[in-house]
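I have placed the structure first, in the form of structure tokens, so that the comments after it can refer back to it.
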There are 2 protein chains.
Amino acid sequence: MYTIGEVSKLFDLPVSTLRYYDKEGLFPGMRRESGIRKFSEKEIDALRVIECLKKSGLEIRDIKQFMKWCVEGSSTYPERLELFRRQKQSVEEELNRLHRVLAMLRFKCWYYEQAIQDGNEERLRVLTPEEMPEDIRSAYEQSHPALDAGTR
Amino acid sequence: MYTIGEVSKLFDLPVSTLRYYDKEGLFPGMRRESGIRKFSEKEIDALRVIECLKKSGLEIRDIKQFMKWCVEGSSTYPERLELFRRQKQSVEEELNRLHRVLAMLRFKCWYYEQAIQDGNEERLRVLTPEEMPEDIRSAYEQSHPALDAGTR
DNA sequence: GTAATACCTAAACCTGACTTTAGGTCAAGA
DNA sequence: TCTTGACCTAAAGTCAGGTTTAGGTATTAC
């Protein structure tokens, strides 16, 4: 059993955030002793899942729903599975987006390295993909088609 | 030259968002004809970079700074390179985080598939990593060490 | 002529996820 | 005794990134 201050240190989260999570219903059935919150292994586990689901982009109200399902027992396994599948897909999509963003950033880094060497962008302005180093061309092509399709 | 409505369709962004970007200084030097915004190739390019930098997690005020540097010319190449390098690193870190989140979600999906088959979590509760299928164990281990280190 | 559209501004409003403030209880240490 | 520190609540404040509203102009469509 941990106090809120101990959990705060354990997870490196402000006490105010833990109280906020509690107020939002993220620890259903958490015990108290004369008004003071007692975090058991159950709440610690919950917090681990909360951190994961938050990083996956889930909102507090949906995490609350998940916690409710956990309380309801085995009848909600399908809903919980569905939730994790949806989040898995959404993180996969986010990873794809970020890979494309990274390719664009790689290209931009190369671009400004060249610009600094040249002292201007004259040469770069007329550059075609064929004239770029291979890795840069691939970064460029990875990051540009989606944009060009909509705007050219 | 495009009107705001045309650009809105091109980029699938609300007109209000484009006006907001303009108000925030993301299109320095954009021309107007009798009060009406004229988006030239320059602003279209800017918008492409804005979308990329936004996806990389940069804030509007930093994007504004970047646009200012672009206006200032070749003397700011180093600043712009620095910016893209920072964003590149920050996206790489975000990708790592998301890979760990994805491993956790993969594990959770497997967990609830098992729970549904078993009808309960009895078996799962006492499961050790060694008893998991190999791909699940690796997902589990990818996603858990960081948490365990802090909380056990 | 009038109604629908596309544009404009300034300013108020919204949302999510916290954080801060103001005020209070209770136990331990100097 | 008194003050420090850890806990508590309710309510207000903050921040980013927009969106909505209210009011206005100019052009085109019927």
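Order of the sequence lines sets the chain letters (A, B, ...), proteins ahead of strands, with each chain counted from 1. As the structure is a prediction and not an experimental result, all values here were calculated from the model.
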Query raised in the report: Between atom CD in B:E6 and atom C1' in C:dA6, what is the gap in whole Å?
Result: 11 Å
Requested in this report: Calculate the interatomic distance between B:R19 atom CZ and D:dG18 atom C1'; express it in whole Å.
Outcome: 14 Å
Query raised in the report: If you check the B:T17 side chain, which of D:dC7, D:dT19, C:dC8 turns out closest?
Result: D:dT19
**Report entry** Position toward the 5' end of DNA chain D (nearest nucleotide), B:S16 or B:L58
**Finding:** B:L58
Query raised in the report: Contact class for A:R61 vs. all strands (heavy atom < 4.0 Å): base, sugar-phosphate, or nothing?
Result: sugar-phosphate
Query raised in the report: Picking from D:dC8, C:dT9, C:dC18, which would you name as closest to the side chain of B:R37?
Result: C:dT9
Query raised in the report: In whole angstrom, what separates A:I50's CD1 from C:dC18's C1'?
Result: 14 Å
Query raised in the report: Nearest 0.5 Å, what's the CZ-CG distance between B:F66 and B:L26?
Result: 10.5 Å
Query raised in the report: Do A:E141 and A:S138 meet the criterion of a side-chain donor-acceptor pair at a distance under 3.5 Å?
Result: no
Query raised in the report: B:E33 CD to C:dC8 P: how many Å, rounded?
Result: 12 Å
Query - Any B:T3 side-chain nitrogen or oxygen under 4.0 Å from OP1 or OP2 of C:dA6 - result: no
Query raised in the report: Under 4.0 angstrom, heavy atoms only, what part of the nucleic acid is A:S34 near: base, sugar-phosphate, or nothing?
Result: nothing
Report task. Would you mind reading off the distance between B:L18 atom CG and C:dT9 atom P, rounded to a whole angstrom? Result -> 13 Å
Query - Value in whole Å for how far the P atom of C:dA17 lies from CG of A:L26 - result: 10 Å
Requested in this report: Establish, from distance only, whether the side-chain atoms of B:Q89 and B:E93 form a donor-acceptor pair under 3.5 Å.
Outcome: yes
Query - Gap between atoms OH and P, on B:Y21 and D:dT19 respectively (whole Å) - result: 8 Å
**Report entry** A:E59 side chain, from C-beta outward: closest of D:dT19, C:dG16, D:dC8
**Finding:** C:dG16
Report summary line: Of B:V15 and B:K23, the one whose closest nucleotide on DNA chain C sits nearer the 5' end is B:V15
Query raised in the report: Should B:E94 and B:R97 count as an ion pair when the cut-off is N to O under 4.0 Å?
Result: yes
Requested in this report: Report the nucleotide, chosen from C:dC18, D:dG18, D:dT9, that has the shortest atom-to-atom distance to any side-chain atom of B:I60.
Outcome: D:dG18
Query raised in the report: How would you label the contact of B:K54 with the nucleic acid (heavy atoms, under 4.0 Å): base, sugar-phosphate, or nothing?
Result: sugar-phosphate
Requested in this report: Find the distance A:F39:CZ to D:dA6:P and express it as a whole number of Å.
Outcome: 16 Å
Query raised in the report: Aromatic ring centroids of A:Y111 and B:F84 under 6.0 Å?
Result: no
Query - Minimum-distance nucleotide (side-chain atoms of B:I36 versus C:dC7, D:dC7, D:dG17) - result: C:dC7
Query raised in the report: Within the structure shown, what part of the strands sits under 4.0 Å from B:E24 by heavy-atom distance: base, sugar-phosphate, or nothing?
Result: nothing
